[in-house]
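Worksheet: one structure, shown below.
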Number of protein chains: 2
Amino acid sequence: MSREKEITIYDIARELDLSAATVSRGLKDHPAINKQTKKKIADLATKLGYRSNNFASNLRKQRTNTIGVIVHELNSQFITSVLAGIEKVTTEANYDLIIGHSSETFKKEAANAMNLFHKRVDGLIASLAYDTEDLSHFEPFAKKGIPVMFFDRVFEQSETTKVVINNYKAGYEATAHLAAQGCKRIAHITANLKRNVYAERLNGYRQALLDNRLSYDEKRVLVNDLSEEASAKAARQVLAMKPMPDGVFITNDFCAAVCMQVFKDAGKRIPQDIAVVGFNNDAICKIVEPKLTTVNYPGIEMGEIVARNLINHLHGVSNIHLTNTIIIKSELIIRESSMKKQT
Amino acid sequence: MSREKEITIYDIARELDLSAATVSRGLKDHPAINKQTKKKIADLATKLGYRSNNFASNLRKQRTNTIGVIVHELNSQFITSVLAGIEKVTTEANYDLIIGHSSETFKKEAANAMNLFHKRVDGLIASLAYDTEDLSHFEPFAKKGIPVMFFDRVFEQSETTKVVINNYKAGYEATAHLAAQGCKRIAHITANLKRNVYAERLNGYRQALLDNRLSYDEKRVLVNDLSEEASAKAARQVLAMKPMPDGVFITNDFCAAVCMQVFKDAGKRIPQDIAVVGFNNDAICKIVEPKLTTVNYPGIEMGEIVARNLINHLHGVSNIHLTNTIIIKSELIIRESSMKKQT
DNA sequence: TTTGAAAATGCAACCGATTGCATAAAAAAT
DNA sequence: ATTTTTTATGCAATCGGTTGCATTTTCAAA
């Protein structure tokens, strides 16, 4: 209720008959300060409830020890695990984190970028929104020499550093698996092909079809925004295809779960009538029936790697401008939804 | 690559032959500054790529215009929508947001609280972690007169302001609905009863049983941590009860989804053999089969209300110490998982 | 032309921590 | 006892906006 006076190093200095400089050094364990003096300072600081003023400190140091993160959405297992990985590394390195989310819109992504820019983060980690078309909103960072790293949703052609999985390979393996299960007409439900992850998976899908002597048919590729409504619509489109596909590779687990629901409502059996493979290995995979075959995405590892690289760069240990792309392993997890052939 | 020099108001002042004070006022549209001067300042600022230094500004103003938020987890629809509501209001009021998450642990919650305290947020919004036992980590805020508001997971007995739904009523209605569907042995799967939300729902459950002349049996109440494993275990415990329950009210949709899976694997039909009601109205409700009856939790509204009250308090428009508890409406959404009686 | 009020701008002291350099005190070497 | 080295501490400028108060400029009223 009653606002206490804020304690500063000057208060501590006065009380101990020291200079503010000594208190400042003492508080951060500077080697030139006497051990006992340090203890006296620390004790009094605790007693008075001193808290360091970040603003004064950052103003003077011209650094913030803060890293900004921009993600497209928060409510996904994948993103949450990436954040956990980033947090682990940044906390160890004593950096603070400011997390912003774009709700999949370019507008909010740009607003977040500007916000973090004004907050003067020392570095930025980002995954692009659904409809981001260019990276101009990250240019202020480049101009000021603030490192930016992308993960997952990146611009493949850009010069910035990025951490990704091999989406081409993942798409290839998912599709090849369906082919190996005997599927002859494999559809693909995906999202905005401007996003590298989806474009690459589509490429993998196509190559796997060709390598398995299955024809690639544009009509079997459906693009939507992965919302519940769009997913259901895509599923109905699959059902309406003639002949109906006997397998479908879907680029997102939630979308796949919705599709499965529609397929089952239409009386189709999974995997007998239509086999399904999703992507991400979200918790939902084990809840849907049958359990969903999917591609496991090592989120924590991805977060750790992207954060570690950024911090190494900030510490001058390495230079991210030399390492352009880091590829992380992913793997197909086979469950019932695609097991046409019983083992 | 090449780090540009940072532009300050002094640079602008020098170039326009003005004082820094005038530039400062001009940039923030102070009424005493001539319109044309303002325009000249704004134009040059843009041209030079000026960005205001928050640290200098906050240091001087002794305010941050930032609100901290601590939530227990990010990957839930409910939390995401609360955050959306908070964001909407705070953005309009020109406050920044710093979001921290505790991963359901007291330790990280306390660490987040200290971090936000040192970042000197003007106010704090929080929902407690699974195992938080006391509120001592929020005391520094109280001491400095920084307002703290809780939502959803709160300490009912505490003096702090809180925004909640009527969990008692929600639990009552969910249970009464099962009774109305003809269930005679209704089980309840819930979580840490130290969390008000779960304790209150249990109370509602118990009263509804009594009001429907059904006996309350402690053995039918299972407490777990809502993880996938714990949920499956709880479901198996329900299956093992003799006689087996014919209805179950589960305090969380994800947990309910896992349970349904276990029930179905055991050959039970939902809702014929066992009716299920969940809680939260997450997207998963419409993906499981049959679709899950649940309690809708108005996340966005909750976020808006808690943020609006906090900001009003900060602006001195109202005083949160007068309003102790705000209750928001929730409602039962009936789907197939509980419809024993066909309509 | 003078005067008074209103409008616009400037002065200078903050806010609190950091840090290069100077200095003082204590310990060691001569 | 004196000089050198080591160890501790202090001085004072700096970071970049903000703001109460003073001063100057502008413009209309007398």
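FYI, side chains are in, hydrogens and waters are out, and symmetry mates aren't considered; it's all heavy atoms of this structure. Proteins get letters first, then strands, A, B, ... in listed order; numbering begins at 1 in each.
Taking every side-chain heavy atom of B/Asn34 into account, C/dT9 is the closest of C/dG16, C/dT18, C/dT9. For A/Tyr50, counting side-chain heavy atoms from C-beta on, the closest listed nucleotide (C/dA17, D/dG16, D/dG10) is C/dA17. Nearest to the side-chain atoms of A/Ile33 among the listed nucleotides D/dT9, D/dC15, C/dA13 stands D/dT9. Which of C/dA17, C/dA12, D/dG17 sits closest to the side chain of B/Ala21 comes down to C/dA12. Distances from the side chain of B/Leu59 to the nucleotides C/dA17, C/dT9, C/dG16 place C/dG16 closest.
If you take OG1 on A/Thr90 and CG on A/Asp122, they are separated by 12.0 Å, rounding to the nearest 0.5 Å. Rounding to the nearest 0.5 Å gives a distance of 6.0 Å between OG1 of A/Thr161 and CG of A/Asn324. A distance of 8.0 Å separates CD in B/Glu139 from CG in B/Asp134, rounded to the nearest 0.5 Å.
At whole-Å resolution of the value, CG in B/Leu16 and C1' in C/dA8 are 15 Å apart. The CG-C1' distance, from A/Asp29 to D/dA8, rounds to 15 Å in whole Å. What separates CG of A/Asp17 from P of C/dA25 is a distance of 13 Å, to the nearest Å. Here the P atom of nucleotide C/dA17 and the CZ atom of B/Arg120 are 7 Å apart, to the nearest Å. Rounded to whole Å, the distance from CD on A/Gln36 to P on D/dT9 is 9 Å. Computed from coordinates, the A/Arg14 CZ to C/dA17 P distance equals 12 Å when rounded to whole Å. B/Arg60 has its CZ atom 12 Å from the P atom of C/dA13, to the nearest Å. Distance, B/Asn65 CG to D/dG17 C1': 14 Å, rounded to whole Å.
At the heavy-atom level, B/Thr8 lies under 4.0 Å from the strands shown only through sugar-phosphate atoms. Within 4.0 Å of B/Ser57, counting heavy atoms only, lie sugar-phosphate atoms of the nucleic acid but no base atom. Heavy atoms of A/Asp11 sit nowhere under 4.0 angstrom from any nucleic acid atom. Using a 4.0 Å heavy-atom distance criterion, B/Tyr10 is classed as a base contact. Nucleic acid contact class of A/Leu18 (heavy atoms, under 4.0 Å, all strands): sugar-phosphate only.
Dashed line: the shortest gap from a side-chain N or O of A/Ser24 to OP1 or OP2 of C/dA17 is not under 4.0 Å. Put simply, A/Ser19 has no side-chain N or O that comes within less than 4.0 Å of OP1 or OP2 on D/dC11. In this model, the phosphate group of D/dT18 is approached by a side-chain N or O of B/Lys28 to a distance below 4.0 Å at OP1 or OP2.
Classification of B/Arg153 and B/Glu109 as a salt-bridged pair fails, no side-chain N sitting under 4.0 Å from a carboxylate O.
If you find the closest nucleotide of DNA chain C to B/His30 and to B/Gln62, the one lying nearer the 5' end belongs to B/His30.
For D/dG20, the base has a donor-acceptor partner in the side chain of B/Arg25 [N/O atoms by modelled type, under 3.5 angstrom].
A/Phe138 has its ring centre no less than 6.0 Å from the ring centre of A/Phe155.
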Can you check ring pair (Phe, Tyr, Trp, His ring centres under 6.0 Å) on B/His137 and B/Phe117, steps first, answer last? CA-CA 10 Å; B/His137 47 309; B/Phe117 182 67; over 10 Å; no

